[in-house]
There are 2 protein chains.
Amino acid sequence: MHEVAEPPESGILAAAMARGDLFAEQCPSREILNHVTSRWGVLLLVALLGGTHRFSDLRRKVNGISEKMLAQTLQWLEADGFVERQAYPVIPPKVEYRLTPLGEEVGRKVEALADWIEVNLPAILAARAGRTTPEE
Amino acid sequence: MHEVAEPPESGILAAAMARGDLFAEQCPSREILNHVTSRWGVLLLVALLGGTHRFSDLRRKVNGISEKMLAQTLQWLEADGFVERQAYPVIPPKVEYRLTPLGEEVGRKVEALADWIEVNLPAILAARAGRTTPEE
DNA sequence: GTTGTCGCTAACCAAAAGTAAGTACGCACC
DNA sequence: GGTGCGTACTTACTTTTGGTTAGCGACAAC
């Protein structure tokens, strides 16, 4: 497997390697979480659960995303091993994105959360309406 | 209530009331999602699954959060009906935060995602290492 | 008095996201 | 043969947001 430097004085990093700890400030799991739960990351993962999509398909499906953020978020997810990119060297460019097995797993977790919010929106809006709303 | 027609462009708000649609740009569910999946929102929800906490308890538990972001994120979650705030008029101020039933539900969804990431961190880091930085 | 605790807030600043344009290439049209 | 379109981006620039730091008010301990 892979060797990782282990500080002798503590096992924090080693523990982080064995299993992430989101409450630890240094743990790389925080970065992964930020990618996955980023504004567009969630929506892209859910969209890609529906199967392979082209760049412009995703752009149309995920309403309101800019091309810049679409490209960037896809690159994050690709780097984390959640998304696979396949480019065809044709002349109107064609690139396909699909979830890896790992990506499908997070995708389902994220979808569960997204679904819950969609279903419970009325209850949430009701709770909101019932109090003073300090919004930002 | 009344049934909504299939074309998304005609009944966006009505559909959002019946059940949120995260792919719709205007849908308020997006805002909720952003609060819940915000950098600190996730960690606070998971932390509060462990029971009632005081402000400073949360500050200590969620490593790295600033007081401003702690207060702000708690206000978001409170406004969305996920967190309940109870202030005691004593003189070293004392404020307790706990999850509402609604908050406990999202909390569990979020926890499932967080757990998955913590458990699968090694696999993710391996996938990352495999494409970005080759090892020695 | 001076310091420390606690839950916040206002002022300020850096990072993220949005906007708009540019790039490369071929194709259809006029 | 120039104009414009469509694709998948990138780059430069602006705006929005997130985040850090400092401080407040009231009291308790030193």
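Protein chains get the first letters and strands the later ones, always in sequence-line order, with residue 1 at the start of each.
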Spacing of B:Asn34 atom CG relative to C:dA16 atom C1', expressed in whole Å: 13 Å

Phosphate contact (D:dG19 OP1 or OP2) by B:Ser66 side-chain N/O below 4.0 Å: no

Whole-Å gap separating P (D:dT11) and NZ (A:Lys68): 12 Å

Phosphate-side-chain proximity, B:Trp40 and D:dG19, N/O vs OP1/OP2 below 4.0 Å: yes

Touch class at under 4.0 angstrom, heavy-atom based, for A:Tyr88 against every strand present: nothing

First encountered from the 5' end of DNA chain C, between B:Arg54 and A:Pro93: B:Arg54

Phosphate contact (C:dG7 OP1 or OP2) by B:Arg59 side-chain N/O below 4.0 Å: no

Nucleotide D:dT21, atom P - distance to CG of B:Leu70 in whole Å: 16 Å

Side-chain donor/acceptor of A:Thr100 to backbone N/O of A:Gly103, under 3.5 Å: yes

Atom-pair distance (NE2 on A:His35; P on C:dA15), nearest Å: 15 Å

Closest heavy-atom pair and its distance - B:Phe23, B:Arg30: O-NH2, 3.4 Å

Evaluation steps, side-chain hydrogen bond (donor to acceptor under 3.5 Å, both in side chains), between A:Glu78 and A:Tyr97: CA-CA 9 Å; A:Glu78 193 194 353; A:Tyr97 292 92; over 6 Å; no

OP1 or OP2 of C:dG18 under 4.0 Å from side-chain N/O of A:Arg39: yes

Length of the line joining A:Leu74:CG and D:dC9:P, which is rounded to integer Å: 8 Å

Nearest-Å distance for atom pair NZ/P, residues A:Lys94 and D:dT7: 12 Å

Between D:dT20 (C1') and B:Gln72 (CD): distance, integer Å: 13 Å

Protein-nucleotide distance (A:Glu31, atom CD; C:dA16, atom C1'), rounded to Å: 14 Å

Set of residues satisfying side-chain contact (heavy atoms from CB on, under 4.5 Å) with respect to A:Arg39, sequence neighbours excluded: B:Asn34

Ion pair check, B:Arg108 and B:Glu104, cut-off under 4.0 Å: yes

Phosphate OP1/OP2 of C:dT9: any B:Gln75 side-chain N/O under 4.0 Å: yes

Touch class at under 4.0 angstrom, heavy-atom based, for A:Met69 against every strand present: sugar-phosphate

OP1 or OP2 of C:dA16 under 4.0 Å from side-chain N/O of A:Trp76: no

Distance test, side-chain N/O of B:Arg60 to OP1/OP2 of C:dT5, below 4.0 Å: no

Distance test, side-chain N/O of A:Ser56 to OP1/OP2 of D:dA8, below 4.0 Å: yes

Per A:Phe55 side chain, nearest of listed nucleotides C:dT9, C:dG7, D:dA8: D:dA8

